[in-house]
Amino acid sequence: EAPADTPTKDTIQQPDAPEVQPTDQVETETEPDTQPDALVTDTPDTADTGDTATGNAEATLAAPDTAPMGATIPVSWTGPDDDKDFISIAEPGAPRYVAFGYTESGNPTDVLIPDTPGTYELRYQRGDGGQVLARQLIEVTLVTATLDAPPDGPAGADVSVTWTGPDYPGDFIGIGAPGQRYQRFQITELGSPASIRLPTKPGAYEIRYYLRRGGKVLVTRPFTVTE
């Protein structure tokens with residue numbers, strides 16, 4: 001059994017992706033999530049246990065020098081590939097990683113890039129204790145999105161929202177009151193423009209472009225629901 005400070009598959013809790021058809025209008029309290037099973041973004045339990053190891057246990061990493069935030073990238077590696085070894089991404093020097101993929105899922109291993117731009121490092125970590133065998137710096141770059149929609153619409157009607165953005169699997173266009181969760185959404189993979197069913201309560205709302213991971217909002221547009 002893996003130590004308590006090592007990620008295990010039991011820690012992976014990812015809701016099913018919403019089954020949205022082009023004509024469906026979704027009202028939900030669960031954010032859409034279509035992350036591959038091998039990608040983990042729960043609060044990590046494994047710390048970086050020290051400097052990069054040398055000696056009998058060795059590893060290498062090969063990945064792009066840059067990647068857009070929220071993307072999933074393949075990371076090629078060599079290493080022992082022992083039980084629950086994993087490739088992680090973290091801020092340099094940080095004891096905790098942001099996301100990881102198990103080496104047993106294949107080579108290259110898919111790793112989900114953080115949704116905040118900046119300098120990070122990829123790591124090959126041992127499943128038994130989290131020892132780091134290799135590191136590689138990677139620069140996470142900004143991604144942007146745009147929204148175009150009318151300024152208002154009657155309660156319960158459908159509104160057409162033209163958008164641009166990264167269109168990652170599971171990204172979605174949502175509408176909600178300022179400072180609150182979205183009430184209705186449509187996933188971007190259904191195309192632009194998105195058709196969103198408006199809330200039934202008149203008032204001030206926002207149309208938003210959400211990244212699949214963590215619900216990060218890339219852009220908002222004010223919208224008024226009328227009677």
Side-chain angles (χ1 to χ4, degrees), residues 14-39 41 64 66-74 89 98-99 101 110-118 138-227:
Q14 302 179 53
D16 293 335
E19 296 188 5
V20 184
Q21 299 301 321
T23 57
D24 288 345
Q25 300 298 331
V26 180
E27 186 165 5
T28 180
E29 288 299 321
T30 302
E31 293 184 4
D33 187 354
T34 57
Q35 299 172 24
D37 292 341
L39 299 181
T41 56
T66 65
M69 68 186 204
T72 299
I73 66 166
I89 186 167
V98 178
D110 285 342
V111 176
L112 188 62
I113 297 299
D115 59 13
T116 301
I138 184 170
E139 192 71 20
V140 174
T141 59
L142 182 70
V143 298
T144 60
T146 65
L147 296 170
D148 187 22
D152 54 52
D158 293 340
V159 63
S160 180
V161 181
T162 301
W163 57 267
T164 65
D167 193 21
Y168 298 136
D171 283 6
F172 60 103
I173 310 300
I175 186 170
Q180 298 183 22
R181 290 173 60 89
Y182 60 86
Q183 296 182 25
R184 310 280 179 92
F185 71 83
Q186 187 174 95
I187 54 177
T188 60
E189 66 187 70
L190 296 180
S192 178
S195 181
I196 307 293
R197 180 68 50 82
L198 296 177
T200 56
K201 182 179 179 180
Y205 290 85
E206 294 175 340
I207 300 173
R208 309 166 184 145
Y209 187 111
Y210 287 85
L211 282 183
R212 61 174 180 176
R213 177 183 179 273
K216 184 180 181 70
V217 176
L218 294 185
V219 64
T220 65
R221 182 183 179 90
F223 190 89
T224 301
V225 174
T226 60
E227 293 184 0

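The structure presented is a predicted model; accordingly, all values stated were derived computationally and were not measured. The first residue in the sequence is number 1, and the count goes up from there.
- Contact check for Thr146 versus Val219: no side-chain heavy atoms found under the 4.5 Å cut-off.
- Evaluation of the side chain to side chain donor-acceptor pair (under 3.5 Å) rule for Thr226 yields no partner, not counting sequence neighbours.
- A distance of 7.0 Å separates CZ of Arg221 from CD1 of Ile207, quoted to the nearest 0.5 Å.
- Of all heavy-atom pairs spanning Gly101 and Val111, the tightest one is N-CG2, 4.5 Å.
- Judged as a side chain to side chain contact (heavy atoms under 4.5 Å, CB included), and not counting sequence neighbours, the contacts of Pro74 are Pro108, Asp110.
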Could you go through the side-chain contact (heavy atoms from CB on, under 4.5 Å) check for Ile138 and Ile113 one step at a time? CA-CA 10 Å; Ile138 184 170; Ile113 297 299; 4.3 Å; yes
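- Tyr209 meets the side chain to side chain donor-acceptor pair (under 3.5 Å) test with Asp171; sequence neighbours excluded.
- How far CG of Leu142 is from CG of Asp115: 11.0 Å, rounded to the nearest 0.5 Å.
- The two atoms that bring Ser160 and Pro150 nearest to each other are O-CD, 3.8 Å, heavy atoms only.
- Judged purely by atom type and a 3.5 angstrom limit, Glu206 has no side-chain atom pairing as donor or acceptor with the backbone of Pro178.
- Scored by the salt bridge (Lys or Arg N to Asp or Glu O under 4.0 Å) test, Asp152 finds no partners at all (sequence neighbours excluded).
- Here the shortest heavy-atom pairing between Pro114 and Ile89 reads CD-CD1, 3.5 Å.
- No side-chain donor-acceptor contact under 3.5 Å links Arg212 to the backbone of Tyr168.
- Under the side chain to side chain donor-acceptor pair (under 3.5 Å) criterion, Thr224 pairs with no residue at all, not counting sequence neighbours.
- Here the shortest heavy-atom pairing between Pro199 and Gln183 reads CB-OE1, 3.5 Å.
- For the pairing with Phe223, the side chain to side chain contact (heavy atoms under 4.5 Å, CB included) check across Leu147, Val159, Val161, Ile196 returns one residue only, Val159.
- Here the shortest heavy-atom pairing between Ala194 and Ile173 reads CB-CG1, 4.2 Å.
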How far apart are the C-alpha atoms of Ile187 and Phe185, what are their side-chain angles, what is the distance that settles it, and do they pass the side-chain contact (heavy atoms from CB on, under 4.5 Å) test? CA-CA 7 Å; Ile187 54 177; Phe185 71 83; 4.1 Å; yes
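- For Asp148, there are no side chain to side chain donor-acceptor pair (under 3.5 Å) partners, not counting sequence neighbours.
- Rounding to the nearest 0.5 angstrom, the gap separating the CE atom in Met69 from the CG atom in Leu218 is 5.0 Å.
- Ring-centre distance between Tyr182 and Tyr210: below the 6.0 Å cut-off.
- Between Val143 and Pro166, the shortest heavy-atom distance links the atoms CG2-CG, 4.4 Å.
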